Amino acid sequence: MRYWLMKSEPDDCSIDDLAAMPEQTVAWYGVRNYQARNFMMNQMTVGDWVLFYHSSCPEPGIAGIAQVASPAYPDATQFDASSRFFDPKSRPEQPRWFNVDVRFVRKTRLIGLPELRDTPELANMRVLARGNRLSITPVDPDEWRFITETMLELKTDEL
DNA sequence: GCCAACGTTGGC
DNA sequence: GCCAACGTTGGC
């Protein structure tokens, strides 16, 4: 069981949008970075926990909790010439990009980026590292526990 | 809109 | 394999 932080632009898909999806589940398509793809392909398993993070918006920060809901499978948008994620170099016989499905668990209060940065227990969080641009980052179990239990006052078995 | 940081591309 | 040029991310 692993823990992750996944960034989504709320204009694209906010935590409320996720909650409103059929099955409250969305394909995490559009990842075009090999490191992030490899996390999905090689390390994620169904049931992994996800901090759902709003990025590129007025109030960036953690907005909810989700769960990995499928193994990685080829990202359909790479073959769709009308998609902004179209990749002409990717072949259906050997897809280049993969995604998992992500399912809504709950919305939380927004833990904004300044609050994350002000929290000593989270000083080593990967997403806060200088220059980090990865849209998917691993979260340490200790960091997960601190955020959910201490900052959000949730027990994992209450999720 | 700016820009720091970093990833990717492609010529050599 | 090097590295300059270019593109993207994402906070501000």
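Order of the sequence lines sets the chain letters (A, B, ...), proteins ahead of strands, with each chain counted from 1. Quick caveat, the model's predicted, so the values are computed rather than measured. What you see below is based on every heavy atom in this structure, not just the backbone, and it leaves out hydrogens, waters and symmetry mates.
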Would you give me the side-chain donor-acceptor pairs under 3.5 Å for residues 10-21 of chain A, sequence neighbours excluded?
unit_1: A:Asp12; atom_1: OD1; unit_2: A:Arg84; atom_2: NH2; d: 3.2
unit_1: A:Asp12; atom_1: OD2; unit_2: A:Arg84; atom_2: NH2; d: 2.7
unit_1: A:Ser14; atom_1: OG; unit_2: A:Asp16; atom_2: N; d: 3.3
unit_1: A:Ser14; atom_1: OG; unit_2: A:Asp17; atom_2: N; d: 3.0
unit_1: A:Ser14; atom_1: OG; unit_2: A:Asp17; atom_2: OD2; d: 3.2
unit_1: A:Asp16; atom_1: OD1; unit_2: A:Lys107; atom_2: NZ; d: 3.1
unit_1: A:Asp16; atom_1: OD2; unit_2: A:Lys107; atom_2: NZ; d: 3.2
unit_1: A:Asp17; atom_1: OD2; unit_2: A:Ser14; atom_2: N; d: 2.9

When you measure from the side-chain N and O atoms of A:Lys7 to the phosphate of C:dG10, is any distance below 4.0 Å, counting only OP1 and OP2? yes
Between P on B:dT9 and CZ on A:Arg96, what's the gap in Å once rounded to a whole number? 7 Å
A:Leu128 CG to B:dA5 C1': how many Å, rounded? 16 Å
Using 4.0 Å as the upper bound for N to carboxylate O, is an ion pair formed by A:Arg96 and A:Asp87? yes
Nucleotide C:dG10, atom P - distance to CG of A:Asp11 in whole Å: 14 Å
Tell me whether the side-chain N/O atoms of A:Tyr53 come closer than 4.0 Å to OP1 or OP2 in C:dG11. yes
Rounded to the nearest 0.5 Å, what's the gap from OG1 on A:Thr137 to NZ on A:Lys7? Could you check? 7.0 Å
A:Arg130 CZ to C:dG10 P, straight-line distance once rounded to whole Å: 17 Å
Please tell me which of A:Pro114 and A:Gly30 maps to the more 5' nucleotide of DNA chain C, matching each residue to the nucleotide holding its nearest heavy atom. A:Gly30
Quick check: does any side chain N or O of A:Arg117 sit under 3.5 Å from a backbone N or O of A:Leu128, one acting as donor and the other as acceptor? yes
When rounded to whole Å, the CZ to P distance for the pair A:Arg133 and C:dG7 reads 14 Å
How long is the line joining CD1 of A:Ile62 and C1' of C:dG11, in whole Å? 16 Å
Using atom CD of A:Gln35 as one end and atom C1' of B:dC6 as the other, report the distance to the nearest whole Å. 11 Å
From the candidates C:dG10, B:dG7, B:dG10, the one with an atom nearest any side-chain atom of A:Ser135 is C:dG10
Mind calculating the distance between CG (A:Asn132) and C1' (C:dG10) to the nearest angstrom? 10 Å
